[in-house]
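A quick write-up on the structure given underneath.
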Amino acid sequence: MAQSRKDNKGRVLRKGETQRSCDGKYVYTYTNPEGKRRSIYSKDIRELREREAKLIKDQLDGLDVYAAGNSSINFVFDRYISTKSELRRTTMRNYTYMYDRFIRGGFGKKKVAEVKYSDVLKFYQHLLKEKEMQINTLETIHTVLHPTFQLAVRDNIIRNNPSDGVMAEIKKKPGKNHGIRHALTVEQQRAFINYMEDKPTYYHWTPFFKFLLGTGCRIGEAIGIRWEDVDFEKRVININHSLIYYSTQYKDHPMCSFSISLPKTDAGIRSIPMMDAVYDALQIELEDQKVNGFNKTEIDGMSGFIFTNRFGNVHNPQAVNRAIKRIYESYNAEEVVKAAKEHREPLLIPHFSCHHLRHTFCSRFCENETNLKVIQSIMGHANIETTMDIYAEVTETKKQESIQNLAHTLDVF
């Protein structure tokens, strides 16, 4: 017969209880409802057992409330996200951040069994109108909320998912929040690059933006690209990781840091042939760094990053977007005056972000390539539908141009 474990005073320890020899503390190890191992500690065995009893009661109460359909959406989300062990760390962090920011403090407090389709629809409309949220951001919210309700359906807590069909209904409505990310035109793209090249204030940004416009890389892939990822001889850029910039809380103070992640999807691991403009931009950057020094930043064991800011560190996406805004606003201000003097309409550059440059590259690519699988591979799209959505928008524009060209060519009316 197996002997019972005892503490250093000869008292029999219960299942899950141990006593550490290093400091004499008692430990109770248990498995929470999500299947994860957890431990609680105490110097006093009686205090530990009181905490054990409360822990077990809280867990049972929580599960009972959940089974009865009286738990909050927050409870179900926490249960759902704890099961998603396959999610990449950055995706998990993004989902949790979006939920905590937009759902947990308000809508998330509703009882899951009482939420109706109209409640979700009204909540989404509130985010669009009152919070002035873009449809792209709302889709991320939906990506988090829909599977949360679906878990409750599969656990037989609720019969139907109240978020089914809500995004389709939202997208039917006309308005500015349809989330279409338009590419820069060829003229706008050329004006942006030419203006940077001609201005000493912005010239140092030229290689970086030529890289973005010439590869279609996501911003995290671009700021994380290293010299060893570039093969000048074969003229190929290997995309095998992404640099993620995220904020955390430390003692009530927000902190920002970088981490290395795999690309957004498995399809994101790819190679991109270098066009001449990208090759030349990287060569210029290389020669400049040979004189002024290379980036010494090390992140998660990786170093040798190509693009740096004025402090010698890697770029962060927010700073890139601020630079874009400074450049196009400066250009527009000068262009308005110049156009007035030349008695013509100004060629203005609209507001855009670094992700618009990826969209712009894809649009230029679609205008010159008909093989969707090639476009998908270069862009690193996991789903061909993403490629087709952009391709469809581009070809729609091309149809308009073709008809106009036909009208000018055929003198039959």
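Bear in mind the structure is a predicted one, so any value in this text is a computation, not a measurement.
- Environment of CD in Glu345: sparse, with no more than 12 heavy atoms of neighbouring residues, nucleotides or ligands closer than 6.0 Å.
- Proximity of Glu285 to Phe208: side-chain heavy atoms (C-beta onward) are nowhere separated by under 4.5 Å.
- A salt bridge between Asp119 and Lys122 is absent, with no side-chain N of the basic residue lying under 4.0 Å from a carboxylate O of the acidic one.
- Ring to ring, Phe352 and Tyr328 are close: their centroids are under 6.0 angstrom apart.
- Salt bridge present: Glu221 and Arg270 bring a charged side-chain N and a carboxylate O closer than 4.0 Å.
- Using a cutoff of 4.0 Å between basic side-chain nitrogens and carboxylate oxygens, Glu334 and Lys199 are scored as salt-bridged.
- In this structure, the ring of Phe209 has its center less than 6.0 angstrom from the ring center of Phe192.
- The local environment of CZ in Arg310 is sparse, with at most 12 non-hydrogen atoms from other residues, nucleotides or ligands closer than 6.0 Å.
- For Tyr203, the OH atom sits in a loose shell: 12 or fewer heavy atoms of surrounding residues, nucleotides or ligands are nearer than 6.0 Å.
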Legend entry - Intermediate values then yes/no, side-chain contact (heavy atoms from CB on, under 4.5 Å), Ser242 and Ile244: CA-CA 6 Å; Ser242 183; Ile244 305 300; 3.8 Å; yes

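- Tested against Met98, the residues Leu145, Thr143, Ile141 include a single side chain to side chain contact (heavy atoms under 4.5 Å, CB included) partner, Ile141.
- A salt bridge links Lys210 with Glu197; the closest basic N to acidic carboxylate O contact falls under 4.0 Å.
- Side-chain contact check for Ile219 versus His355: every heavy-atom pair is 4.5 Å or farther apart.
- Between Glu17 and Arg5 there is no salt bridge, since no side-chain N of the basic residue sits under 4.0 Å from a carboxylate O of the acidic one.
- A salt bridge does not link Glu335 to Lys338: none of the charged side-chain nitrogens sits closer than 4.0 Å to a carboxylate oxygen.
- Remark: aromatic rings of Tyr124 and His142 are close, center separation under 6.0 Å.
- Crowding of Met388 atom CE: a count of heavy atoms from other residues, nucleotides or ligands under 6.0 Å not exceeding 12.
- Side-chain contact check for Tyr99 versus Ile81: every heavy-atom pair is 4.5 Å or farther apart.
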Solution key, residues 233-240 side-chain donor-acceptor pairs under 3.5 Å, sequence neighbours excluded:
| residue | atom | partner | partner atom | Å |
| --- | --- | --- | --- | --- |
| Arg235 | NH1 | Asp276 | OD1 | 2.9 |
| Asn240 | ND2 | Asp229 | OD1 | 3.3 |

